[in-house]
Amino acid sequence: MFKRIQTGNLIKTFIFFAVIFYLGKVSDPYNQGQLSVVLMYFIGILSITFLTGLSGQISLGQGALMAVGGYTCALGILNLGLNYWQSIIFSVLASLVAGWILGITAARLSGPYLAGTTLVIALAIPSLANRFESVFGGDVGLNVEFGAPPQWFVNLIGEIGFEQWQLFATLPFASIALFFALNLFKSRTGRSWRAVRDHEIAASLAGINVQRMKIFTFVVASGFAGLAGAMYGLRGIVGPSVYPISLSLTLLTGAVLGGLRSIGGAFIGAVLVVFLPDLIESLSGTWEIALQIGNYLPAMVSSILLILTVVLNPAGIAGGLHHHKSRHK
Amino acid sequence: MNIRASLSRKKLIGLTAVLIAGSMTLAEIPANAADPGVSATEIVLGMQLPETGAASPGYNKVDDAMRAYFDYVNSKGGIGGKKIRLEVKDDTYKAGLTISTASSLINKEKVFAFIGSIGTQTHISVIKDINRRKIPDVFVNSGFSDFYNPATYPTTFAALGTYVTEAKIMGKYLKEKYPDKKIGILYQSDDFGRNALEGFAKAGLTFEAKKTSADFIAGTQGSVGLASQLTQLKANGVEIVIIAAVSSATAVTLLTASALGYKPDKWAVISVGSDATTFQTIAGSKGIPASMSAAMLTGLISASHAPAPGDSADEYVTAFKKINDDFNKGADKRWDNNVMQGMNIGYMATGALKGTLNPNSTFSAKNNKTCQANAKKATLTRVCFIDYIETNGSKIESAAFTALQYSATTHEAFSGFWIGAYDAATVLQPVSGTRVVYTTDSGNGPVTVSNYKRPAIAADALPKN
Amino acid sequence: MLKIENLVTEYGAVRALDGISFTAAEGKITTVIGANGAGKSTLLRTISGLERAKSGQITWADKSLIGKAPEAIVRSGIAHVPEGHAVISQLTVAENIEMGALFRRRQNRSDVKLAIEEVYELFPRLAERSKQLAGTLSGGERQMLAISRALVSRPKLLLLDEPSLGLAPLVVEQIIQTVNDLCRKNGLTVLLVEQNANTALAVADYGVLLSLGKVVANLPAAELKADASLRAAYLGY
Amino acid sequence: MDQFLSAVFAGTSRGAIYALVALGLVLVWRGAGVINFAQMGQAMFSTYVASTLIMNEYSYWIAFFVALSVGTILGAIVDLLVMRPLSGKRSSAMLASPAMRGTIPVIASLGIVGILQAAAGMIWAAEERGFPTPVNSLGLTIGGNVMPFTAFDLFVIGIVMVVLLITTIFFQKTGMGLAMRASALNPEVARLSGIRTSSVRTLSWAISGAASSLAGLLVTPSANLSPNTLDLILIIGFTATVIGGLDSLPGGVIGGFILGLVISFVNVYRSPSDIFLAILVLLLIVLLVRPQGLLGSKEVRRV
């Protein structure tokens, strides 16, 4: 049974990989870059899917955990001379530890407390970066990047551009994250999370160690966030202005719009938050909307969509699709 | 380009149709090939800045002013028949977004050059990539000195003097003029504040934490505890307070100090933070009448490389102001330092573009022949544009009282500043009656008096390059 | 008269009330008895509007209660004392009582005052403890407080859910007696839910026996009490 | 000594404002079970309205009361348009669990901040403004010495004290106050007592809106007004409520004053750059040592 799920997930992951790879080949460099951001956001939103959608905990500080990943990655590259993929492994490890520490605190907290606390943590990042400026580079940050593609890859694929390489370098990690997420979603652990979310007391009566489960969720979610953060930093810089609070909010918006409880929703959400501003910008250009209005239109529209979603269709786009499908069965 | 080699690959995968689009490359572009963003009728320039968000106030006026100047140039027929189009992207001062907006400008808008980018933290995230692609990155609105070493960033040029340079000049002036006064500093804790500290140190002014120096968090505009910092300076008897902060923060500082009854003998404010209009607007919305806020500003020392926006006698100010009135379509076009800066960048850019397309210009030995030939054909290339700026730095016109010092060894803009004090009409006037411009570098070079004579502006307010 | 017809209430897939019909006569005590999970509390919660009926009809004084909010139902003269000494323990005794009359304090200031005095007379122990937090009271006192809170709204119909739960027999006796007095003297209609059938049937006029959400018997209390086969089948004694 | 005194006064005056913010947060938390992350967004918006009036030559006090009304109305609108429909959605699968019922309104409130900030940008071009004080904000002179506090500081402390007093009387002595407390503590019993809990909840939102718009009016004179400036104050107010206990009004107020003093002392004796670290450390200590806060009751903390 478990084996069958894995095969199915393997196929899904492979299709995902192939489709993105194809898109990476056919789209223009700008959209290749945007697509790589979609993948990074997708990984980041997955962390919210698990944390909030699957276990009912809300964090407004996923950006902070992304920063843990980003800074670890940058320090690994700059100080230890690692290459980026070695450093990413360290990033994930570091964020797992950070998530564990955060989880120990968080497991004691209910939703709004957790939201506020994580928000404060996210806000303290610039202070930390400045306080330990010699290590973290202050508000100027640390310069890192994916670098040039290895020769064997160029030989295999052909000449590739800067944005394209970003995308292709991110894709394997996004695929691994997806495969991991798919399996986790259907696993015993996934079911326990849902149980904790839906009824904490009932779950504990059923023999689930609620505290430990919550901490574990945090650890897993942090792993995703750390990976996303490392990739996001490798686009060019790791610094406080790369992981602002608004990043956490963007990811949360994506998660909610796409659908908090589905992996497909996480991807839809990532696509939305990346491409919606582009769409609005081009529309407000077409309709010749005054700059003063147009400048704020993306923020306005995504905020309105966020509220409409939670009020009218809390399950998000993916949830709506699912509902639609099951009704017509 | 390696299209043929990659074609066979893609056939293997079976995606033949999409091949060509997918194989973008960064290969070296020869100096005589046509570059993106330039056509027979148009030159596309790209700019990114915080148009919205916490860091936007004030700065969101610069792009409107630049566009106004370019619209003016276009109304006069453009440059060599080419009109200038300015594409502006809002990065909300978040580096993660800057990378995307830069990519959009490069790949979607296909800009010829980046111009006037605002934001040190954000520009760091893209400067490497822009340079690697050999895209001109001109007139960056940041005084962060690390940006302007051509060995690291060959295509990046500044639009300001560096914070270090300015602080060195102001520091020397204060030290000599007020040898017996206790001088302190209030600075925002970021690269700007720290660079200024470094410059003052090079001028021999150092400050003792908690005694003569106090910092506050950049971007909070004093909302957290500015009063305490001022009380500290007051309690320690600091007689001259230097402010290294943005204009809105300077405004809160002066107003808070006045509320606390703290009246140091002199305020000395780094130019970025000494915009009189911002100060008077903020004071005005606090219910302080213009006459009173003008009185508060009187005697405040600042430095500038350019004329004060309030200096109505200055021919550049008059000309730019008129263009602003006629062409600025921004939400807020009130005449101030930010608008003036935008105008000046538009002016400098126009000069540089004109010069590049002028067959009589000279370029570096390496490119001279090609670029002159290009100019004859009215072909604008990135290589020649950069070469022109680097080779003819001192010939590019600007409203500044100091020459642009671009060369093969530095891409810093202005090495010179003059020290002024605000008069009762909120115009910065030279402290010594006549304007003396001092120059120095961002390193340990000496501060000397400049003998540069600013050329007169043409009647049509277009650079003559 | 309270009239209930074919009432159905569901919790998700579970049908707690499965087509219940009976009437509670005015000025009488009707007791609803049945085993745990028979749907007794759900019945009261549906009448007072806390649960939404899936179908069926509830009428009180010829007006339908279906679809009305609890706060509106209270205002039509129906007071519900839910299970478990429902008082707000962080408020004082006086505040808990006052709360029950808040909605009519503007129009009937003097009557509210009177009603409060009356419940203090009814339960003198509450008067002594009026400044204490309700959380500091004993179980019996809290039940008295909950009933007082309901009484100050001047109800015509009192819905009482398991008033005897967890209380000492002597206290139960006192509370049941008070309810009985209120009914006989003031003409209050009472719908009393009890698991302790003997206590309830002793004072009630009519008895309704519920099992798994259905009415299995609706008889005068004395007859129900006497029917040993029903008792054995549904109450286990 | 002067430095110490000034730290105390600055801290108290700021603390008073944080106490107001905390008050607003606690009101909504108790009344509706929601942490309103949009609160200072609402305050920013009403302060911009006031500022616009003042710049159009209206008097401070007209602007002041208009701002309070705008704050009140915004609070009520948020409840009526967003939060009430949400709480009516208990049956949907997404909101079925208590954990999600705490989480979804937080997300909605973030959407509201987004809308308000974007609207402020569209309407006022995000112009950075100052904001006046109703009383002289020059340092008071006593016995020839300029004191380390201003008349405005005293005004802030005074007005906040009055607000706290009125709030206390309202909650302890009036029927509506009792109704609000009852609805917050046990909505079911409150409804069975004939209290219209949904109206009461809207009232909580409205009062909270008024309190936070007052906080906005009092805090902006010492900083600049822009769409984002009040974000920080929300974080500080939140921390204050956690320190004091999220379900306790006096707790939130005490938390506000504590935080005001802590920030002031960090500011004076360390550096402003350390403020956020200090807030974070303080928050974590409270959460680890006394998670229910100084005056909070134990059960609220857990889901």
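Just so it is clear, the model here is predicted, and its values are computed rather than measured. Letters A, B, ... are given to chains in the order of the sequence lines, protein chains preceding strands, and every chain is numbered from 1.
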Requested in this report: Verify the neighbour count for atom OH of C:Tyr206: are there more than 12 heavy atoms of other residues, nucleotides or ligands below 6.0 Å?
Outcome: no
With chain C, the option among D:Thr197, D:Asn186, D:Leu185 that has the most non-hydrogen atom pairs under 4.5 Å is D:Leu185
From the list C:Val87, C:Asn96, C:Ile88, the residue making the most non-hydrogen contacts under 4.5 Å with chain D is C:Ile88
#### Entry: Greater than 12 external heavy atoms within 6.0 Å of C:Leu212's CG
no
Contact between C:Thr46 and C:Glu51 at the side-chain level, heavy atoms closer than 4.5 Å - yes or no? yes
Interface check, chain D: of C:Ser89, C:Gly49, C:Gly100, most non-hydrogen pairs under 4.5 Å belong to C:Gly100
Paired with C:Leu17, the side-chain contact (heavy atoms from CB on, under 4.5 Å) test is passed by just one of C:Val8, C:Ile4, C:Asn6, C:Leu7, namely C:Leu7
Contact list (residues 164-178 of chain D to chain C, heavy-atom gap under 4.5 Å, by number) returns D:Gln172, D:Gly175, D:Met176, D:Leu178
The interface call for D:Arg196 against chain C, heavy-atom contacts under 4.5 Å, is both
Is it the case that the side chain of C:Glu194 and the backbone of C:Asn196 share a donor-acceptor pair, with hydrogens and angles ignored and the cut-off at 3.5 Å?
yes
Ordered numerically, the heavy-atom neighbours of chain D under 4.5 Å found in residues 59-80 of chain C are C:Ala69, C:Pro70, C:Glu71, C:Val74, C:Arg75, C:His80
**Prompt:** D:Ser109 side chain to D:Phe37 main-chain N or O, any donor-acceptor pair under 3.5 Å?
**Reply:** yes
Any Lys/Arg nitrogen of C:Glu118 or C:Arg154 sitting under 4.0 Å from an Asp/Glu carboxylate oxygen of the other?
yes
| message | Taking CZ in D:Arg30 as the centre, count heavy atoms belonging to other residues, nucleotides or ligands within less than 6.0 Å. Is the count above 12? | response | yes
C:Asp111 side chain reached by C:Arg104 side chain, heavy atoms, under 4.5 Å
yes
Whatever's closer than 4.5 Å to a heavy atom in chain D on C:Arg52 counts as neither
Please check: side-chain N/O of C:Lys156 versus main-chain N/O of C:Glu26, any donor-acceptor pairing under 3.5 Å?
no
Q) Between D:Ser183 and D:Arg201, do the side chains contain an N or O donor and an N or O acceptor separated by less than 3.5 Å? A) no
